[in-house]
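Because the structure is predicted, anything quoted here is derived from the model rather than measured. Order of appearance sets the numbers: ligands from 1, and atoms from 1 within every ligand. When a residue number appears, it is its place in the shown sequence, counting from 1. Any value given below was found using the heavy atoms of this structure, including those in side chains, with hydrogens, waters and symmetry copies removed.
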Amino acid sequence: MANSEIKIALAGNPNCGKTTLFNTLTGSNQFVGNWPGVTVEKKEGKLKKHDGVTITDLPGIYSLSPYTLEEVVARNYLIDENPDVILNIVDGTNLERNLYLTTQLTELGIPVVMAVNMIDLVNKNGDKINLDALSEQMGCKAVAISALKGTGIMEAAEEAIKAANGTKTLPPHSFSGPVEHALAHIEEAVLHDMNEDKQRWYAIKVFERDEKIIAKLNISKEKMEHIEKDIAAAEKELDDDAESIITNERYVYIASIIKSCYKKKNKAKQSTSDKIDKIVTNRILALPIFAVIMYAVYWIAMMAFGASATDFTNDQIFGDGWYLFGIGRSGYEEMVDEWAGENVFVGDVKAVIDAAADNDVTGAENLQADFEDADFGAFEEDYGFYADELEENGYELNAALEAAGALDEDGEFTTPGMDEVEGAVFVPSIPDLVSSGLEKAGANEFVTGLVVDGIVGGVGAVLGFVPQMLVLFFLLAFLESCGYMARVAFVLDRIFRRFGLSGKSFIPMLVSSGCGVPGIMASRTIESQRDRRMTIMTTTFIPCGAKLPIIALITAALFRHTFMNGAWLAPAAYFIGVAAVIISGILLKKTKMFAGDPAPFVMELPAYHWPTLGNLLRSMWERGWSFIKKAGTVILISSVVIWLGSVFGNTEAGFGFDPDMELESSVLGIVGGAIKWIFAPIGFANIKATIATIMGLVAKEEVVGVFGVLDFEGLTALAGFSFLIFNLLCAPCFAAIGAIKREMNSAKWTWFAIGYQCVFAYAISLIVYQFGLLFSGSVNVIGLIFAILVLAGLCFLVFRPAKKYIGAVKEN
Ligand code: GDP
Ligand code: MG
């Protein structure tokens with residue numbers, strides 16, 4: 001058969017099984033991208049065993065109207081790209097609603113083949129669909145399939161190829177007299193030079209006064225006035241507006257088809273799905289059940305499995321190195337314990353620490369505790385934090401450690417090497433491997449630093465999150481494809497709608513409390529573009545895992561003497577994050593960009609079922625892979641740039657390279673010094689705080705790295721609080737910005753999101769800081785006036801009445 005170059009378009013309602021069918025038909029032969037200029041995912045693939053046949057998975061739609069981006073994308077494809085055939089997937093358990101789209105597809109003048117999907121469920125319910133009658137009434141071939149079980153799908157594809165090569169699909173049904181009369185006039189007036197097959201669909205759209213189509217056809221004003229008379233006549237006669245007339249007549253027609261083709265077995269009987277739903281979407285139980293399930297998902301991904309995998313990647317593969325099959329690790333731990341017992345945990349060192357603790361030197365107590373536990377790992381960490389503090393107060397910890405043999409003359413711990421364990425295979429870490437490789441190749445210090453610290457270090461830090469994310473994506477894919485997520489979205493929709501988000505925004509926010517990157521990526525499941533954009537813009541307000549150390553740092557440094565030793569600060573941070581999401585939702589919803597009626601929650605709850613492992617793995621891999629690709633680009637470039645900024649600067653011999661550059665004299669420090677005035681109104685015109693904020697763009701963990709624990713000279717508790725708020729709410733790290741860029745698929749929207757976050761963060765910090773000053777009695781009059789203005793502006797944006805924007809459904 002002449003299969004050469006056949007284009008099949010897969011069209012159907014959301015959740016009808018399009019993607020499942022697409023995956024089975026194409027296998028791994030897929031290209032995933034976006035439709036040009038918009039954020040709707042486009043998938044194309046080659047039909048298995050048929051080289052010349054390309055399949056395009058169109059966005060899920062309920063109709064060919066112009067109201068959602070998905071509808072516009074799908075119908076533009078159908079009318080402009082000339083697919084040879086439409087394979088229309090129809091959910092057999094939801095015939096009535098699905099046929100609404102089918103009646104429109106058959107009018108396009110493109111051959112249509114119906115694949116009546118979920119036939120396994122139809123049979124299980126004991127219902128009957130008369131395919132021959134359906135086929136005859138719709139004017140196109142109908143094939144029963146189960147995309148999930150794989151039955152009938154090749155037949156469906158072959159029918160599509162057959163149809164592409166020959167048969168025409170003629171719209172089988174006519175509208176009532178007055179409508180047909182108007183349609184005939186429209187065809188005659190403006191469509192006569194168009195291909196005859198395509199005229200009917202356009203005529204109906206013109207009748208419905210579809211502005212996009214009218215603009216596309218370039219109908220002159222006079223002709224439009226003429227047509228308008230015919231439309232108005234039909235409207236008058238049928239006493240309804242044109243669009244509703246068409247909709248109603250379609251449903252009347254569909255009802256008659258259903259009556260003759262579909263036999264439901266027993267209406268009264270409840271399916272298992274209905275029984276589960278009774279509990280899961282129950283008014284009272286729904287939220288607690290959801291909380292438990294999400295907690296479990298989160299726990300498995302972040303704690304149980306994900307955390308250990310991530311620690312392994314970060315601490316071993318990209319850290320100190322590791323042992324093959326883990327053999328040798330316990331031997332090594334013993335070795336370290338023994339060494340530490342002899343060289344670290346000795347009386348002379350203890351004496352220094354005890355003396356410091358007696359005089360309340362900060363951190364000395366922590367070191368004391370590590371001593372008692374004889375835990376070298378913890379000791380090493382606390383040493384890093386607090387050693388300088390002890391030295392500055394005149395306690396010679398370093399000298400004592402050196403005398404005991406724990407430190408060499410360079411001040412490095414003389415810990416035994418991991419490769420000294422006998423009978424185990426030690427694999428050095430990637431950075432070590434790379435740097436020793438470079439050394440052998442004779443690379444200089446600059447190249448080694450660039451590759452090891454800039455490239456490998458930067459990308460490695462991000463790749464460390466991959467195992468955790470894969471587990472999370474897998475579990476979320478499970479919840480999505482078994483049908484549970486649809487219930488959650490339904491339950492939460494009522495709450496989220498109040499501040500302009502959809503129920504589906506919850507998952508991204510929840511995931512973001514672990515890491516913003518998968519959180520932003522999880523927003524893909526939100527179909528409405530407006531809701532998705534809003535979710536992407538606000539989801540990183542929720543403190544992610546990397547922001548926790550910042551909170552801990554500020555607590556320890558500035559709030560440990562307050563109520564509950566400052567333990568209130570962490571919950572406060574989450575509260576601020578949630579409040580920021582809500583305020584932003586309300587505020588943005590009232591702008592023209594996000595205005596318009598909320599996308600109605602038309603989502604049929606699909607029956608529960610077990611997903612297939614293959615589909616879960618595929619979905620997990622798709623998301624994971626796009627993250628890994630990003631680590632290879634955005635993150636790579638930004639970490640190199642930041643590294644360069646930190647090793648170039650003013651040295652004793654003028655401007656140049658120094659791998660051990662002090663932060664203050666590096667380019668980064670110079671830039672920080674030059675722009676620190678920006679932060680004066682919000683309380684921290686301080687070079688370190690400025691650098692920390694900039695470094696926070698690389699990764700929020702870096703904020704802590706810049707500061708060291710007690711380096712808060714010049715910051716009051718209030719300024720520290722303002723610093724915390726700013727860093728929690730401002731633009732997220734580069735990895736997350738990269739994710740925003742990818743999901744927005746538009747530079748303009750990415751900048752808008754980042755700009756919004758920064759301005760919002762600044763506004764809140766300003767208000768908090770200036771009003772805080774008022775309470776602490778040292779008012780800054782000008783600052784306060786600004787803060788009052790900003791607060792008033794914010795209140796106006798939040799409380800102003802929502803305007804109605806006509807035609808506010810925008811595509812871009
Ligand atoms: P899409 O939104 O149209 O792309 O639909 P998906 O392919 O994502 O499928 C939606 C849900 O229906 C998934 O959970 C599928 O596993 C399930 N599904 C798809 N086809 C069938 C089928 O033939 N039988 C059953 N029982 N479930 C199916
Ligand atoms: Mg899909």
- Note on the structure: Result for side chain to side chain donor-acceptor pair (under 3.5 Å) between K18 and one of D57, D91, N23, N13 points to D57

- Message: Heavy atoms only: which of A477, G17, G150, A11 lies closest to atom 9 (O) of ligand 1?
- Response: G17

Backbone or side-chain N or O of [X] under 3.5 Å from ligand 1 N or O:
X: I145; result: no
X: K149; result: no
X: K18; result: yes
X: I119; result: no

Atoms in ligand 1 with a heavy atom of [X] nearer than 4.0 Å:
X: S481; answer: 13 (C), 14 (O)
X: S146; answer: 22 (C), 23 (O), 24 (N)
X: D120; answer: 22 (C), 23 (O), 24 (N), 25 (C), 26 (N)

Would you kindly specify which portion of [X] sits under 4.0 Å from ligand 1, judged on non-hydrogen atoms: side chain, backbone, both or neither?
X: L121; result: side chain
X: N117; result: side chain
X: H609; result: side chain

For [X] and [Y], does a side-chain donor sit closer than 3.5 Å to a side-chain acceptor?
X: T539; Y: S512; result: yes
X: Y77; Y: T56; result: yes
X: E743; Y: S523; result: no

- Query: Would you say E158 and V143 make side-chain contact, with heavy atoms under 4.5 Å?
  - Reply: no

- Using the ring pair (Phe, Tyr, Trp, His ring centres under 6.0 Å) rule, collect all pairs that involve residues 93-132, keeping only residues at least two apart or in two chains. Y100-Y251

- Taking only Lys NZ, Arg NE, NH1 and NH2, and the carboxylate oxygens of Asp or Glu, determine whether R250 and E107 approach each other closer than 4.0 Å. yes

- Query: C16 near ligand 1, heavy-atom distance under 4.0 Å?
  - Reply: yes

- The side-chain hydrogen bond (donor to acceptor under 3.5 Å, both in side chains) partners of E243 (sequence neighbours excluded) come to Y67

